[in-house]
Number of protein chains: 2
Amino acid sequence: MMMSNSLYQDSHCAVDFTLAKLWVDRRAVTLTRKEYELLSALTSNAGEIVPRGVLLRTVWGYGPDIRTRTLDVHIRRLRRKLGGYGEQYIETIFGVGYRFQPWREPKPFAAEPHVLRASA
Amino acid sequence: MMMSNSLYQDSHCAVDFTLAKLWVDRRAVTLTRKEYELLSALTSNAGEIVPRGVLLRTVWGYGPDIRTRTLDVHIRRLRRKLGGYGEQYIETIFGVGYRFQPWREPKPFAAEPHVLRASA
DNA sequence: CTCTTTTTTGCAAATCTTTCACAACTTCCC
DNA sequence: GGGAAGTTGTGAAAGATTTGCAAAAAAGAG
């Protein structure tokens with residue numbers, strides 16, 4: 001039985017590890033076990049790259065010589081369940097693995113095109 | 001004034017652990033012994049997942065290697081006796097167990113502003 | 001024996017996981 | 001730029017597992 005009430009949370013997304021639940025913008029989303037384990041592995045290292053091999057080992061128990069696409073499929077489903085933020089949250093590090101990025105507010109005045117605020 | 005030591009209660013359903021009785025919308029429902037024990041195990045952990053293994057152990061005294069469908073059968077009878085709310089109250093956590101959900105589950109987020117920070 | 005309660009049995013149905021085939025993409029090199 | 005090679009994205013379908021359920025057998029109680 002689980003006991004620690006640990007959860008990840010930022011302004012759009014919350015993960016409760018004891019209830020095995022995810023909320024996206026206050027809307028409850030149910031996760032399957034593998035989805036939950038994968039999300040857990042990612043959020044518990046939020047901001048850091050988690051190599052594919054590590055995920056395949058910790059979530060699936062696979063050895064380093066197993067060829068499978070199930071990780072990609074689960075990543076896709078997680079991204080969907082994260083709503084419109086999926087791509088923003090789960091970043092692909094090509095050739096290495098994935099990284100769960102905590103929510104970052106929209107970039108300030110970067111290389112944005114000219115925005116004029118009309119004053120009536 | 002008579003007092004019941006332990007009882008679960010929400011707006012539709014009440015369980016008295018000392019009297020071993022259940023009321024659904026003010027209407028008394030008789031439970032058999034096993035039904036009561038199972039409901040008790042669930043409501044006393046209301047809102048939390050109770051794994052199948054735990055139920056089989058605490059209610060039936062079964063070990064971890066027993067294969068039976070009697071738990072499912074009892075869950076079904078309980079759901080029936082909970083009237084139209086059966087499905088709402090007793091939630092199936094696929095591959096894990098069951099969870100008794102208090103009526104209109106409490107929201108994990110605060111109503112208005114929501115910046116809670118959790119410990120890891 | 002009769003009635004109630006509990007468990008088992010055997011599928012059916014629902015759910016979750018993995019694979020597959022191929023499209024899309026990244027990187028590297030010429 | 002234009003491949004080539006390797007990596008990732010994706011929808012659909014197969015595979016595997018779990019749960020729901022009805023009916024009947026088994027177990028108790030009076």
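Values in this document were obtained by computation on a predicted structure and should not be read as measured data. Below, read A as the first sequence line, B as the second, and so on, with proteins coming before strands; counting in each chain starts at 1.
Distance CG (A:Leu38) to P (C:dC16): 16 Å, rounded to an integer number of Å. When rounded to the nearest whole Å, the span between OH of A:Tyr36 and P of C:dT17 equals 13 Å. Following rounding to the nearest Å, B:Arg52 (CZ) and C:dT15 (P) show an atom-to-atom distance of 15 Å. In this entry the distance linking CG of B:Leu71 with P of D:dT19 reads 9 Å, nearest Å. In this structure, A:Arg33 atom CZ and D:dT18 atom C1' are separated by 10 Å, rounded to whole Å. As rounded to whole Å, 13 Å separates atom C1' of D:dT19 from atom CG of B:Leu56. Rounded to whole angstrom, the span from the CG atom of A:Leu78 across to the C1' atom of C:dT18 amounts to 16 Å. Going from atom CG of A:Asp72 over to atom C1' of D:dT7 covers 9 Å, rounded to whole Å.
The phosphate of C:dT4 (OP1 or OP2) has no side-chain N or O of B:Thr32 nearer than 4.0 angstrom. The shortest distance between the side-chain N/O atoms of B:Thr92 and the OP1/OP2 oxygens of D:dT18 is not below 4.0 Å. Contact annotation: A:Tyr62 does not reach the phosphate of C:dT17 (side-chain N/O to OP1 or OP2, under 4.0 Å). When the side-chain nitrogen and oxygen atoms of A:Trp60 are compared with OP1 and OP2 of C:dT17, none of them lie within a distance under 4.0 Å. Contact between the side-chain N/O atoms of B:Arg80 and the OP1/OP2 oxygens of D:dA22 is found at a separation under 4.0 Å. Contact annotation: B:His74 reaches the phosphate of C:dT7 (side-chain N/O to OP1 or OP2, under 4.0 Å).
Mapping A:Glu35 and A:Phe94 onto DNA chain C by nearest heavy atom places A:Glu35 closer to the 5' end of the strand. Checking A:Tyr98 against B:Glu87, the closest nucleotide of DNA chain D that is more toward the 5' end is the one next to A:Tyr98. Between B:Arg69 and B:Lys34, the residue anchored closer to the 5' end of DNA chain C is B:Lys34, taking for each the nucleotide with the nearest heavy atom.
Residues A:His12 and A:Trp23 keep their aromatic ring centres 6.0 Å or farther apart. Taking the six-membered ring where the residue is Trp, the centroids of B:Tyr8 and B:Phe100 are separated by under 6.0 Å.
Proximity of A:Pro102 to A:Tyr89: side-chain heavy atoms (C-beta onward) are nowhere separated by under 4.5 Å. By the 4.5 Å heavy-atom criterion applied to side chains, B:Val15 and B:Ser40 are not counted as neighbours. The shortest side-chain heavy-atom distance between B:Leu42 and B:Tyr98 falls under the 4.5 Å cut-off. Using a 4.5 Å cut-off on side-chain heavy atoms (C-beta onward), B:Thr92 and B:Arg79 make contact. No side-chain heavy atom of A:Lys21 sits under 4.5 Å from any side-chain heavy atom of A:Leu31. Looking at heavy atoms from C-beta onward, B:Arg99 lies out of side-chain contact with B:Val50 at the 4.5 angstrom threshold.
Below the 3.5 angstrom threshold, one finds no donor paired with an acceptor across the side chain of B:Arg67 and the base of D:dT17. Side-chain atoms of A:Arg76 come within donor-acceptor range of the base of D:dG11, with a qualifying N/O pair under 3.5 Å.
When the local axes at the two ends of the helix from C:dC1-D:dG30 to C:dC30-D:dG1 are compared, using 5 base pairs at each end, they differ in direction by 30° after rounding to 10°.
Within the nucleic acid shown, A:Thr70 comes within 4.0 Å of at least one base atom, counting heavy atoms only.
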